[in-house]
2 protein chains.
Amino acid sequence: MQTETWLDRFAGLARLEPPVRDLLLSRSAIIAAPAGSVIFGPGKSPENMLFLLDGVVRVQQVSESGHDIVLYRITAGESCVLTTACLLAYDDYAAEGIAETDVQAAAVPRDVFDELVAQSKSFRNFVFAAFSKRITDLFLMIDEVAFQRLDVRLADRLLKLSGGADTVATTHQKLAVELGTAREVVSRQLQEFQRRGWISQARGAVTLQDRAGILKLAQHHS
Amino acid sequence: MQTETWLDRFAGLARLEPPVRDLLLSRSAIIAAPAGSVIFGPGKSPENMLFLLDGVVRVQQVSESGHDIVLYRITAGESCVLTTACLLAYDDYAAEGIAETDVQAAAVPRDVFDELVAQSKSFRNFVFAAFSKRITDLFLMIDEVAFQRLDVRLADRLLKLSGGADTVATTHQKLAVELGTAREVVSRQLQEFQRRGWISQARGAVTLQDRAGILKLAQHHS
DNA sequence: AGCTTACGGTGACAATGTCACCAAAGGATA
DNA sequence: TATCCTTTGGTGACATTGTCACCGTAAGCT
């Protein structure tokens, strides 16, 4: 009989071999970070691989030109393989991870990570699956940025950011960074959405009035 | 004393432990593919991890909308980690690998790959470094597609495709796929380049007349 | 030769990005 | 409260890029 541990929050780690479980549990530390803190970034490469237990981490890229773009988010139950990649420190990439909420994570040191990969087939599968998903997601993102219309992307992003809630607390500027475009462009599109009765706006907030209408546009993906 | 093997073409594999070397050599097969053949792609997922010994493989994405874009190239001495990712078959991604030249590669079966990762620290470093580089490259690409001016990207791509040669044998359409844009846009930009005396054009060929001028534009990256 | 396809040119227009502003809202402080 | 200051968002002019509907020519094929 095994007591519940943080491992159980990760589908891919549930069936680890007992000795591997023990190694992972005994050599990892639970860490916490407040909302808004920078988990990793240029000049602040993480010493550990992170398993996110609670909260959301936003990974975004800062271009030399001052342009930002959100690359992806890590939610609870996901691992931050990118920090793994960063552990190997290919070169300091310009991406940074920012806690969007208060965050809890299990930190696994580099050498433990290496040992786990060596010893456990399940762990290997977990790690490679995470890499694989990350890369295919990046492929999809490239496709979107290169070829998808902005109104479609914005509609899609609004729905995702709402998470089912009625209103999204964000600014035009932040939405622009989500999509890698300019604030003015977002403002224009939101005006058009409003004109169609899909949303209403307030300072720092977008309220979804007609989910169906937005969804119909967003689905031009398929 | 060890005779020369294909392993020596890979910087990261040169110092593998002897038993690991032997495993890799004995369980891998040298395969060849003619220029133009599809190495992997939708509905044709590779059974093996590939180490490219000779030639160039172009990896490009095919969008539902019919838009293509070149993601990256694999040159001799590089491994196709993506095929590794694909081995795990997250889901059939829409990317395909096409031999741009006649190609030779060492094919390592999936189970051998897994065993190598388990047994050799050097091999693990090699694999994770490859993943890491691929992901950081994709980050750079997203930045480029989202924020870089098209003339800068085209200039840069022309120089890279030339590989030092005077003329690049390609069509406007192919250059458009390189950049993920439309053929007409490439045509216009090339006309402008020609007007400036940087290039001259023929059907299916672009001749670089003023590398310095092109380079100056391309370097607006930095 | 005739046919077919690939290649490239062109103009009009739409969508998106950039720039230089402005005004209003909210927060901080004297 | 009055005053500043920052953040947020609006606007118009313009540049760049994407899309569409064409066209003519070059190259390959039979």
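Every heavy atom of this structure was used, including side-chain atoms; hydrogens, water molecules and symmetry mates were not. Convention: sequence-line order gives letters A, B, ...; per-chain numbering from 1.
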Using 30° and 60° as the class boundaries, would you call the ring planes of B:Phe126 and B:Phe10 parallel, tilted or perpendicular? perpendicular
Please determine if B:Glu144 and B:Arg149 form a salt bridge, counting it only when a charged side-chain N lies under 4.0 Å from a carboxylate O. no
Counting the atoms with a prime plus P, OP1 and OP2 as sugar-phosphate, which does A:Gln189 contact under 4.0 Å by heavy atoms, base, sugar-phosphate, or nothing? sugar-phosphate
Contact list please: residues 147-163 of chain B against DNA chain D, heavy atoms, distance less than 4.0 Å, in numerical order. B:Arg149, B:Leu150
Using a 4.0 Å heavy-atom cut-off, does A:Glu184 contact any base of the nucleic acid, only the sugar-phosphate backbone, or nothing at all? base
To the nearest angstrom, the CD-P distance between B:Gln201 and D:dA26 comes to 15 Å
Quick one: which of A:Leu208, A:Ile199, A:Val206 gives a side-chain contact (heavy atoms from CB on, under 4.5 Å) with A:Phe193? A:Ile199
Return whichever of A:Val185 or B:Ala205 has its heavy-atom-nearest nucleotide of DNA chain C closer to the 5' end. B:Ala205
At less than 4.0 Å, is any side-chain N or O atom of A:His172 found next to OP1 or OP2 of D:dG10? Yes or no. yes
In whole angstrom, give the distance that lies between atom CG of A:Asp143 and atom P of D:dG18. 14 Å
State whether B:Trp6 and B:Arg9 meet the cation-pi test: NZ (Lys) or CZ (Arg) under 6.0 Å from the six-membered ring centroid, and within 45° of the perpendicular axis. no
Take atom CZ of B:Arg188 and atom P of D:dT19, then tell me their distance rounded to the nearest Å. 11 Å
Starting at NE2 of A:His220 and ending at P of C:dA15, how long is that distance when rounded to a whole Å? 13 Å
Need to verify one output field. Residue with the more 5' nearest nucleotide on DNA chain D, A:Ala202 or A:Ala146? A:Ala202
With distance as the sole criterion, do the side chain of A:Arg183 and the base of D:dG10 form a donor-acceptor contact below 3.5 Å? yes
Can you tell me if the side-chain N/O atoms of A:Thr181 get under 4.0 Å from OP1 or OP2 in C:dT16? no
For B:Phe193 and C:dG8, give me the distance from atom CZ to atom P, rounded to whole Å. 16 Å
Parallel, tilted or perpendicular: ring planes of A:Phe123 versus A:Phe113, cut at 30 and 60 degrees: perpendicular
Is B:Gln191 near enough to C:dT10 that one of its side-chain N or O atoms lies under 4.0 angstrom from OP1 or OP2? yes
Charged N-O contact under 4.0 Å between B:Glu192 and B:Arg188: no
Grab the CZ-P distance between B:Arg195 and C:dG9 for me, whole Å please. 15 Å
Looking at D:dG9, I'd like to know if its phosphate oxygens (OP1 or OP2) sit under 4.0 Å from a side-chain N or O belonging to A:Ser187. no
Between D:dG9 atom C1' and A:Lys174 atom NZ, what is the distance in whole Å? 14 Å
Among the nucleotides D:dT25, D:dG9, D:dA13, which one has an atom lying closest to any side-chain atom of B:Arg203? D:dT25
Measure from CD on A:Gln173 to C1' on D:dT6 and round the result to the nearest Å. 14 Å
Identify whether the distance between the nearest side-chain nitrogen and carboxylate oxygen of A:Asp137 and A:Lys133 falls below 4.0 Å. yes
Have a look at A:Ser187 and tell me which of A:Gln201, A:His172, A:Gln173 forms a side chain to side chain donor-acceptor pair (under 3.5 Å) with it. A:His172
